[in-house]
Participant: 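Can you keep this structure in mind? I'll have questions shortly.
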Amino acid sequence: MGSDTGDDAYSDIHLRALNCEVNPLTRSDGSAMLTQGETAVIASVYGPVEVKTQNLQIENATLDVCYRPKTGLPTITDRSRENVIKRICETAILTALHPRTSIVVVIQELENRSGLEACAVNAVCLALLNGGIAMKFTVAGVHSILKENDEIVLDPDSKESINALAHFTFVFDSLQRNVVAVNTQGKFNMAQYNDALTICRAASGKIFEFYREIISKRPV
Amino acid sequence: MKETPLSNCEKAFVVQAIKERLRLDGRKLEEFRPLKINFGAEWGSAHVTLGETRVLAQVSCELGQPKATRPNEGLLYINVELSPMAALHFEAGRNSELTVQINRILERTFKDSRCVDLESLCVSAEDKVWILRVDLNVLNHEGNIIDCASVAALCALAHFKHPDVTVTGEEIKIHTSAEKDPIPIVLHHYPVCVSYATFQNGEVAIADPTVIEERSSEANMVFGINSYRELCCLNLGGTTLTSSNLLLQCSSRAANRAKQVVDQIKAALATDAEARSADQSVGFTECLKMNTINSLAQDRLSLRLRRFNFTLDDDFRNMSSNSAGAPDIKAEGDDSLPDATRIDENTGLLNSNQSNVRWVPEDSSDSDEDEHIFEKGDESGGADSDDKDLEEELENVAEEMAYKRQSQPISKGGSQQPVKRNIDNSSDSEEETTMVLG
């Protein structure tokens, strides 16, 4: 397989069913509820809004990302997810347009059936689009796993991912399909990593296509 | 970020409307917003919407030590979270006054009424019991969180199943759902909260208040009541009630409401169980409207005035000339357009001046043309327009606009179509919809 999104690679890509509702919430400036298979996430965006004095930045908007788990208090994993999404947003959003303000992003996990981080990134991106926050590019998160028989499975459901050797979550930008963020877990070698990267990069096209399809719809 | 203060005129408006037995969203005083219940794929996860207020509930359990005073009873914790997702002024992870209040009311409704059979949660006395935890995440705050949260908590508890265990001597083995079927929780009765807001020195109570109604009311009454009409909890916040009559009236209405809600919960649970036994897919995918963008559609508007009959007699004209801005424009647009039917492209309304105005599905065929004229009209000089007819009309528009600025209310002179279209379109869709009478 080539390093870029070849048409042959593109045809046999199967992601779980993507479904979303844009602007389900009335209080926030932009929101999106996204389900990928059985994994479901709801994200909302406010901004630009008033910033706390201690977080004020003179040249940029401050990003305030909050990830809410379904049960209990946020754990270390949740804080790390929060941080990853914050960095991704910082890369994608044109924060210089709104100095001395803050952009608030809140993510609520609804159901975790594998691929939660990727789903959260995609939901945030849709919420940002809906909220009219200016961005350099849109982002798409894709999850894949490495199985015991050295096979890469793209966007597996929870059953498939039980015996995974490694998890990969890649986030790509919409311009050059460059990698914006990578999150890996488990043991793998470089060749396996590159395989996963190629497959996920090809799959990201489907997600960008989905964004376009949703946003071009007429509001109801 | 602080909560936006409620202005005096907003408050006065709501109070005055209630005095006239009107509510901003067009409901009757004792009418509730529609309730929708969805269950997630996991046991004990529920998503409840009451109007636009949304709450997500999830029950979880773990084995732990019981309290020394009650060694053979399990434990139940309720935890309400108001994250910035619900409204911007809530802070994540910090307990506000409202959080504590909601938490306490729910604890009294569910814990103190002993609706959950805690004894059945005991694994071995004085050593291991199941500790249940109900997490309630408020996703959208459009008033009456407490009712929505109580329904969500009850749904989640009724839906939840904890894993089975085997005790052999000292050892406790927790079975997975594949080994042994998980066990549902025993509920003795089904309590829900029903809240009212009172106005006019405690004389009028309105059911299921929205945010603005909650904030402009004198007091809030919350009844925790079960389907057998038994009161589990009563909370009065704000000024003291003076009439016991109102309280009794409300409690009896709340009991009827509780019965309805519990029936709805039971029906939702039955549907979910059916879907699961038939191996259909369950989960939150069901609760989203598939691949849509929501906007200011009819059922989302916060303002709807239902009681007025939209007849274009003098009364209406007088009424509209007293108020400023958008109402004027609307009235003018309507009555100077003889027996025509206009389609407002922003809101998808069909306004006809022949009879009562009704909401109909959007017909987009006219909208492009309307917009075109609007754009040209907006330049108000229209010098670069090639179309001569249009140019003439645009001059009329400019005159009309100038005249309108000088004198309000506007003349209803039989002017041309583009004038009205221009005026109609120039009013903001949101304002416009506030005036539409359904």
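Throughout, a chain's letter reflects where its sequence line sits, starting with A, and its residues are numbered from 1.
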Participant: Cut-off 3.5 Å, side chains only: do A:Thr26 and B:Glu142 have a donor facing an acceptor?
Facilitator: yes
Participant: For A:Leu175, does the CG atom sit with more than 12 other heavy atoms under 6.0 Å from it, leaving out its own atoms?
Facilitator: yes
Participant: Which region of B:Glu91, side chain (C-beta onward) or backbone (N, CA, C, O), has a non-hydrogen atom less than 4.5 Å from a non-hydrogen atom of chain A, or is it both or neither?
Facilitator: side chain
Participant: Quick one: which of A:Cys20, A:Ser44, A:Pro74, A:Ala43 has the most heavy-atom pairs under 4.5 Å with chain B, could you say?
Facilitator: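 The option with the most such pairs is A:Cys20.
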Participant: Below 4.5 Å from any heavy atom of chain B, which atoms of A:Lys217 appear? Answer side chain, backbone, both or neither.
Facilitator: both
Participant: Based on non-hydrogen pairs under 4.5 Å, which of A:Met33, A:Arg113, A:Glu213, A:Gln108 is most in contact with chain B?
Facilitator: A:Gln108
Participant: Any side-chain heavy-atom pair from B:Glu42 and A:Glu38 closer than 4.5 angstrom?
Facilitator: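 Not touching, per the 4.5 Å side-chain cut-off.
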Participant: Answer yes or no: are there more than 12 heavy-atom neighbours, outside A:Arg79 itself, under 6.0 Å from its atom CZ?
Facilitator: no
Participant: Count the heavy atoms belonging to other residues, nucleotides or ligands that lie under 6.0 Å from CZ of B:Arg133, then report whether that count exceeds 12.
Facilitator: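 Counting neighbours around CZ of B:Arg133, more than 12 heavy atoms of other residues, nucleotides or ligands fall under 6.0 Å, so yes.
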Participant: In this structure, are over 12 heavy atoms from other groups packed under 6.0 Å from A:Glu59 atom CD?
Facilitator: no
Participant: Given 3.5 Å as the limit, does a donor-acceptor pair link the side chain of A:Glu111 with the main chain of B:Ala41, or not?
Facilitator: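 Yes; judged by distance alone, with no hydrogens or angles, the pair exists.
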Participant: Out of A:Thr35, A:Val49, A:Thr71, A:Ile107, which one racks up the most heavy-atom pairs below 4.5 Å with chain B?
Facilitator: A:Thr71
Participant: I'd like to know which of B:Ile293, B:Thr49, B:Asn137, B:Thr53 tops the heavy-atom pair count under 4.5 Å against chain A.
Facilitator: B:Ile293
Participant: Under a 4.5 Å cut-off applied to non-hydrogen side-chain atoms, are A:Arg68 and B:Met85 in contact?
Facilitator: no
Participant: Of the backbone (N, CA, C, O) and the side chain (C-beta and beyond), which part of A:Gln36 lies under 4.5 Å from a heavy atom of chain B, both, or neither?
Facilitator: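 No part of it gets close to chain B.
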Participant: Which bit of B:Val211 comes within less than 4.5 Å of chain A, counting heavy atoms only: side chain, backbone, both or neither?
Facilitator: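 For B:Val211, the side chain is the part near chain A, not the backbone.
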Participant: Mind ranking A:Gly37, A:Ala40, A:Pro24 by heavy-atom pairs under 4.5 Å with chain B and telling me who comes out on top?
Facilitator: A:Pro24
Participant: Which atoms of B:Leu56 are under 4.5 Å from chain A, going by heavy atoms: the side chain, the backbone, both sets, or neither?
Facilitator: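 Looking at B:Leu56, just its side chain touches chain A.
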Participant: Any donor and acceptor pair, going by atom type alone, linking the side chain of B:Asp135 with main-chain N or O of A:Gly72 inside 3.5 Å?
Facilitator: yes
Participant: Looking at B:Ser60, B:Ala87, B:Ala92, which one has more heavy-atom pairs under 4.5 Å with chain A than the rest?
Facilitator: B:Ala87
Participant: Supply the atom-to-atom distance B:Leu88 CG to A:Arg27 CZ, rounded to the nearest 0.5 angstrom.
Facilitator: 9.0 Å
Participant: So which part of A:Leu18 gets closer than 4.5 Å to some heavy atom of chain B, the side chain, the backbone, both or neither?
Facilitator: backbone
Participant: Donor-acceptor pair, distance only, cut-off 3.5 Å: does the side chain of B:Asn140 make one with the backbone of A:Leu25?
Facilitator: no
